[in-house]
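Just so it is clear, the structure is predicted and the values come from calculations on it, not from any experiment. Residue numbers count from 1 along this sequence.
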Amino acid sequence: SSRGSIFARVHPGPWAGVGSVGIFTVCEVDKVGWLYYWTDRSAWVFEDPSGRTLALPARVSAASGTCVLVSYSYPGALTLRCDGTSEVSSESRHDAPEAWTGHPQVWIGNDRAGASSWNGSLRRLVVQDRPVVAKRGKQFCRTPDGAPSPCEDDVLREHLQAYFGQGRLR
């Protein structure tokens, strides 16, 4: 899809706050990008397949959880948010690096090469084909265990109509 989002509610492992100990991957989504925390920069980082990279400075603590949200739209904005309070974004006039259809392959808690892993707990992970606006992202982060639902009413209706044919569901 040329638009979508990745939402993660995570708790870092014992590496949090230690300093320069490496890269800790939350997930990598085929044809979408790689989301990780880089201790050398004390920042959340998202890299898309075209090489566009966003870095959002943020401290993490093993004692508390963090919400991280990536929303993308090609052409358009790529936005990385943390805990619903800080964000960084970039505009693109280019098409998606390579649009995906159906369900993309997702590496959860590690990158596709197996070079880095999360080493903490992943409480929620939602990959969906719709961006999440800032206001909704803040609501999800403020709500304990909150997360976007990939099967909201309109999405479910759309998939059922595709399955059963147009005009049968009203």
Side-chain angles (χ1 to χ4, degrees), residues 1-132 137 140-141 145-148 150:
S1 175
S2 62
R3 63 188 198 112
S5 61
I6 301 169
F7 176 91
R9 184 177 292 276
V10 298
H11 283 267
W15 55 266
V18 172
S20 298
V21 291
I23 291 174
F24 295 89
T25 297
V26 172
C27 69
E28 185 171 354
V29 182
D30 193 33
K31 300 177 184 152
V32 173
W34 177 28
L35 176 61
Y36 60 91
Y37 188 83
W38 190 9
T39 61
D40 293 6
R41 294 179 66 181
S42 295
W44 287 102
V45 180
F46 180 77
E47 295 181 24
D48 78 7
S50 70
R52 187 166 50 159
T53 301
L54 292 179
L56 181 60
R59 299 272 180 218
V60 296
S61 166
S64 62
T66 301
C67 288
V68 184
L69 174 64
V70 176
S71 287
Y72 61 92
S73 181
Y74 294 101
L78 172 64
T79 305
L80 174 61
R81 295 185 181 95
C82 178
D83 288 329
T85 58
S86 57
E87 72 176 53
V88 62
S89 62
S90 169
E91 289 291 321
S92 174
R93 292 188 172 96
H94 304 289
D95 290 333
E98 184 179 346
W100 55 270
T101 57
H103 302 287
Q105 186 168 358
V106 180
W107 291 267
I108 300 171
N110 62 336
D111 64 347
R112 76 176 68 213
S116 73
S117 61
W118 177 242
N119 191 15
S121 67
L122 294 166
R123 299 203 24 101
R124 302 279 182 270
L125 181 64
V126 177
V127 177
Q128 62 180 357
D129 62 354
R130 62 172 62 200
V132 175
F140 294 135
C141 289
D145 287 333

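- Side-chain N or O atoms of R123 include none that pairs as donor or acceptor with a backbone N or O of T66 at under 3.5 Å.
- For the atom pair OH (Y36) and CD1 (I23), the distance works out to 5.0 Å, reported to the nearest 0.5 Å.
- Proximity of the aromatic rings of W44 and F46 is defined here by a centroid distance below 6.0 angstrom, and this criterion is not met.
- The salt bridge (Lys or Arg N to Asp or Glu O under 4.0 Å) pairs that include a residue from residues 103-112 are E28-R112, D30-R112, where partners are two or more places apart or lie in different chains.
- For the pair F24 and T39, the minimum side-chain heavy-atom distance is below 4.5 Å.
- A salt bridge links D145 with R124: the distance from a Lys NZ or Arg NE/NH1/NH2 to an Asp or Glu carboxylate oxygen falls below 4.0 Å.
- Using a distance-only test at 3.5 Å, with no hydrogens or angles considered, a donor-acceptor pair links the side chain of S5 to the main chain of R130.
- Residues S121 and V10 fail the side-chain proximity criterion, which asks for heavy atoms closer than 4.5 Å.
- The closest donor-acceptor contact from the side chain of N110 to the backbone of S116 lies at 3.5 Å or more, if one exists at all.
- Annotation: side chain of P148 is in contact with side chain of Q128 (closest heavy-atom distance under 4.5 Å).
- Note that OG of S86 is 8.0 Å distant from CG of L80, once rounded to the nearest 0.5 Å.
- Inspection of the S50 and D48 side chains reveals an N or O donor paired with an N or O acceptor under 3.5 Å.
- Here the closest heavy-atom approach between residue L54 and residue S89 is recorded as CD2-C, 4.1 Å.
- Two residues are said to be in side-chain contact when any heavy atoms from C-beta on lie closer than 4.5 Å; R52 and L78 meet this criterion.
- In this structure, S61 contributes its side chain and A63 its backbone to a donor-acceptor pair below 3.5 Å.
- Proximity of V26 to L122: side-chain heavy atoms (C-beta onward) are separated by under 4.5 Å at one or more points.
- The aromatic ring centroids of Y37 and W15 lie less than 6.0 Å from each other.
- Contact of the L125 side chain with the C27 side chain is registered, since non-hydrogen atoms from C-beta on lie closer than 4.5 Å.
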